[in-house]
Amino acid sequence: MFPYFIMLVFCGIPLFFLELSFGQFASQGCLGVWRISPMFKGVGYGMMVVSTYIGIYYNVVICIAFYYFFSSMTNLLPWTYCNNPWNTPTCNGVVTPTGINNTLANVTRSLVTGAAEVAVEVVNKTKRTSPSEEYWKHYVLKISDDIGNFGEVRLPILGCLAVSWVVVFLCLIRGVKSSGKVVYFTATFPYVVLTILFIRGITLEGAVTGIKYYLTPQWHKILDAKVWGDAASQIFYSLGCAWGGLITMASYNKFHNNCYRDSIIISITNCATSVYAGFVIFSILGFMAHHLNVDVSEVADHGPGLAFVAYPEALTLLPISPLWSLLFFFMLILLGLGTQFCLLETLVTAIVDEIGTDWIIRNKTVVTGGVAIVGFLLGVPLTTQAGIYWLLLMDNYAASFSLVIISCIMCICIMYVYGHKKYFKDVEMMLGFPPPIFFRVCWRFVSPIIISFILIFTVIQYKPITYNDYVYPGWSLAIGFLMAMSSVTCIPIYALYKISKSEGTTFLERLKNSCKADIKWGPALSEHRIGHYAAPSSEGEVEVRPLKEEERLIDDRSSYRCRILI
């Protein structure tokens with residue numbers, strides 16, 4: 001939590017404000033904004049690659065939440081007991097079946113196999129396997145023994161993946177006009193569910209123990225670079241920095257919207273929600289630890305293990321457990337969809353802005369459908385028996401340190417290549433006041449330095465990814481690094497391309513020209529192009545043409561955004 005708040009104050013909030021002001025000033029998506037320095041347009045392509053990776057596997061997580069949501073529509077949660085066909089002799093539940101002791105049930109099952117004494121001894125000496133874990137591994141995933149052993153496609157998960165993509169498409173069918181209304185529900189209702197679960201959690205016996213574990217610092221980990229790297233990743237993930245989504249959504253704002261106020265409110269509210277959710281989770285885990293008479297650390301987990309194993313098992317201990325399970329997974333679905341809306345809109349807006357033809361602009365819905373179909377097809381391998389291995393590989397490599405590299409280069413480009421004084425004046429022209437000195441210092445020095453140190457120490461203390469007891473083979477790690485580098489390499493590749501196409505007789509002349517702000521850089525509407533932005537173009541007259549309402553609305557009631565055509 002300590003690194004988390006440090007990263008929030010010195011990296012999260014400043015970068016959040018930087019991206020909001022960047023997109024709002026230019027009214028362009030993650031590609032169009034790089035008119036500020038065309039050589040760095042590869043940063044925008046890198047953001048698109050990151051958003052593509054996250055969009056592919058994130059919707060698989062949502063589809064699994066859909067699966068658990070549908071599975072919760074029953075009188076008895078299927079992961080409550082150990083008497084199911086998929087359970088093994090090592091299964092040991094926390095809930096006692098009616099009329100029979102759970103241990104006796106295990107022994108009876110062992111007697112049927114003719115090896116009761118041996119089985120009981122094995123159960124006693126083997127680490128406890130919960131019904132929820134076996135349901136997750138042996139029924140939902142039917143997980144294979146290796147990342148290269150794909151096995152069969154899990155049709156129930158594939159069906160839920162299709163449902164998830166259809167829901168995302170329908171909510172984005174009219175762009176920000178439709179998604180802007182949907183998120184009123186998807187962004188607020190989870191607070192209702194969190195509050196319900198929180199009230200229920202703190203009334204359980206052992207909840208205080210779980211909350212104490214949550215709030216007690218483990219100072220011996222403070223020098224672990226992975227902890228700081230995880231804190232940075234969580235900040236980047238929860239705030240959406242370097243995905244391109246913040247720039248894209250800010251491009252729909254009114255030009256004089258106070259994005260400084262928005263960045264402070266949203267960042268603090270977002271991270272306060274994360275802390276609040278921690279109380280909800282650990283109160284339930286504390287209750288579960290008390291019930292099992294073990295330490296909270298033995299029931300706590302991370303990643304899929306927390307969402308689909310530990311917490312669902314804790315829910316089985318509550319009265320009317322299917323109701324709490326429905327609420328929990330409905331909340332996960334809503335939170336996931338909110339993120340997925342942003343990811344898909346980022347890709348669609350970038351494509352539409354970049355191509356910019358009349359047909360593309362008029363048929364943005366077709367582009368949205370096409371991106372959704374491609375995303376679904378690319379997600380199919382993640383629904384196989386080896387899908388969870390690939391999902392975690394993408395989560396750990398495709399969108400981890402590449403995010404901090406992209407953010408660092410973005411800061412360097414805006415502050416040092418374009419010029420911090422010019423950008424501060426741009427922000428002042430837009431907001432009516434210059435950025436506070438704290439943000440100016442963070443943008444120029446603090447944020448890039450912190451990000452660089454975290455990146456360096458993360459590389460030094462790098463440890464290969466594992467999943468429980470499974471160690472990933474070298475070839476899969478190589479694929480992971482290729483995914484990570486695929487977004488970062490967009491930056492130098494495009495820079496070299498732009499330098500080669502720029503005017504000049506020498507390399508330095510080409511480099512200088514490729515770094516200069518494009519003549520189209522600046523506010524989108526002519527009424528906002530004041531000062532040096534109002535200077536006439538040497539290449540001809542400026543034509544201001546309004547876009548249709550269904551194409552790129554600034555908001556639900558404002559005038560159309562205009563595209564500057566030189």
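Everything quoted here is computed from the prediction, not taken from an experiment.
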Without swapping roles, check the side chain of [X] against the backbone of [Y] for a donor-acceptor pair under 3.5 Å.
X    : Y    : result
S51  : W243 : yes
E313 : P131 : no
N270 : I266 : no
E134 : T88  : yes
T383 : V380 : yes
Q385 : K142 : yes
T365 : I173 : yes

Please name all residues satisfying ring pair (Phe, Tyr, Trp, His ring centres under 6.0 Å) with [X], sequence neighbours left out, ordered by chain then number.
X    : value
Y472 : Y470
F25  : F255, W521, Y533
F330 : F69, F189
F236 : none

Open item on the list: For the OH atom on Y213, are there more than 12 heavy atoms of other groups (residues, nucleotides or ligands in this structure) within a distance under 6.0 Å?
Closed with: yes
Problem - Heavy-atom neighbours of Y497 OH exceed 12 at 6.0 Å - result: no
For [X], enumerate each residue passing the salt bridge (charged side-chain N to carboxylate O under 4.0 Å, His left out) test, keeping only those at least two apart in sequence or located in another chain.
X    : value
D395 : none
K137 : E133
E354 : K41

Worked verdict on Y252 versus T349 for side-chain hydrogen bond (donor to acceptor under 3.5 Å, both in side chains): CA-CA 11 Å; Y252 293 98; T349 300; 3.2 Å; yes
| field | Contact check, side chains of S130 and V309, non-hydrogen atoms, under 4.5 Å | value | yes
Between L31 and D353, is any pair of side-chain heavy atoms under 4.5 Å apart? no
Check your understanding: So W443 and Y423, would you call those rings parallel, tilted or perpendicular, with 30° and 60° as cut-offs?
Key -> perpendicular
Verify the distance criterion only: is there a donor paired with an acceptor across the side chains of Y311 and S132 at less than 3.5 Å? no
So, E345 and T248: side-chain donor and acceptor under 3.5 Å apart, yes or no? no
How about Y462 and F481: are their ring centroids closer than 6.0 Å? yes
Residues 58-71 vs side chain to side chain donor-acceptor pair (under 3.5 Å), sequence neighbours excluded, gives N59-S164, S71-Y135
Would you list the atom pairs, donor with acceptor, under 3.5 Å between side chains in residues 386-394 and any protein atom, with sequence neighbours excluded?
{"residue": "Y389", "atom": "OH", "partner": "S144", "partner atom": "O", "Å": "2.7"}
{"residue": "W390", "atom": "NE1", "partner": "I147", "partner atom": "O", "Å": "3.1"}

Side-chain donor-acceptor pairs of residues 445-457 under 3.5 Å, sequence neighbours excluded:
{"residue": "S447", "atom": "OG", "partner": "F10", "partner atom": "O", "Å": "2.6"}
{"residue": "S447", "atom": "OG", "partner": "C442", "partner atom": "O", "Å": "3.3"}
{"residue": "S452", "atom": "OG", "partner": "P448", "partner atom": "O", "Å": "2.7"}

All heavy atoms of C30 vs all of M47, minimum pair found to be CB-SD, 4.1 Å
Residue pairs passing the salt bridge (charged side-chain N to carboxylate O under 4.0 Å, His left out) test with at least one member in residues 365-379, sequence neighbours excluded, are none
ring-ring contact (aromatic ring centres under 6.0 Å, His included) pairs touching residues 27-47, sequence neighbours excluded, are F22-W34, Y45-Y494
